Amino acid sequence: MCLDTHCHLDADEFGHDRDAVIHRAAQSGVNGVLLPAVRAKDHLSVKNLTHQAAQLMPASCYTLGIHPIFTPEAKESDLEVLRHSVIEALDDPRFVGIGEIGLDYFLPDLDANHQAFFFEKQLDLAEEFNLPVILHVRRSQDAILKALKPRKIIGGIAHAFNGSFQQAEHFIKLNFVVGFGGAMTFPRALQIRRLAKDLPFESIVLETDAPDIPPAWLAKQVSHRNEPAELPQISSILAEIRSTSISQTQTICANNALRVIPRWATLLAQLPLSKD
Ligand SMILES: [Zn+2]
């Protein structure tokens with residue numbers, strides 16, 4: 001079982017050849033992608049695209065949320081839109097959580113209070129509906145941990161993780177797993193590789209974050225667009241780092257994702273898929 005736990009298939013970068021991208025991912029052995037929405041108004045397009053991808057990758061699912069990068073244009077009323085979309089989506093087995101949400105302290109134009117407001121309100125939503133969250137954590141590990149600690153969030157994924165070992169351990173204690181992808185494929189990414197090697201294997205998931213974070217072998221290309229078909233090769237790098245087989249790596253990582261995203265596990269239990 002090979003799952004891409006973070007893939008923005010709805011991104012404009014895939015506008016001209018999305019069908020081919022889905023096809024290539026399925027051909028390369030990806031069984032499913034998790035498609036995190038980034039704006040409240042994208043509910044239907046994300047849902048439809050997930051169902052389309054599921055025709056070739058049956059384990060595909062989606063989450064709904066407002067990404068911190070899109071908070072400058074977000075209005076308070078978007079939270080109502082999101083809440084209605086979540087209630088509606090609860091009937092859809094492919095809807096599995098709240099995301100992508102979080103805090104981005106890297107981009108200088110994002111107002112800290114404004115993004116924190118949307119983040120906290122979406123954590124409220126996750127708590128209310130007992131849903132896991134997909135977290136965007138960029139130079140904001142401690143602030144996000146502080147926001148999570150007093151809450152009863154069931155867990156989720158800290159995607160594209162790039163913090164310290166201690167910070168990773170705090171996320172893991174809160175029933176989160178951490179996502180690794182293209183960044184790990186660069187030999188000089190020593191800190192990320194150390195995390196990928198030394199963290200408990202039960203706390204790691206694989207992701208592409210396509211079209212972003214291209215792996216080393218794409219970074220030199222002109223377009224350097226990442227896509228979900230790269231996941232098997234990315235998983236081979238993790239297998240190397242962990243000194244185990246590629247299939248073992250993919251299976252462990254897929255099981256980790258299903259453990260922290262219960263509705264995804266329920267979806268898969270209903271599918272006639274092989275479990276390896
Ligand atoms: Zn993302």
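These numbers were taken from a predicted model, which means no experiment stands behind them. First listed ligand is number 1; within each ligand, the first listed atom is number 1.
Qualifying salt bridge (charged side-chain N to carboxylate O under 4.0 Å, His left out) partners for E240, counting only residues two or more places apart in sequence or in other chains: none.
When you scan the N, O or S atoms of E100 for the one nearest the Zn ion (ligand 1), you land on OE1. Looking only at its N/O/S atoms, H8 has NE2 as the one nearest to the Zn ion (ligand 1).
Formation of a donor-acceptor pair under 3.5 Å by the T5 side chain with backbone atoms of L206 is found in this model.
A side chain to side chain donor-acceptor pair (under 3.5 Å) check over residues 170-188, counting only residues at least two apart or in different chains, returns nothing.
Between H159 and H6, the two ring planes are parallel [angle under 30°; tilted spans 30° to 60°].
In summary, H6 places an N/O/S atom under 2.8 Å from the Zn ion (ligand 1), meeting the contact criterion.
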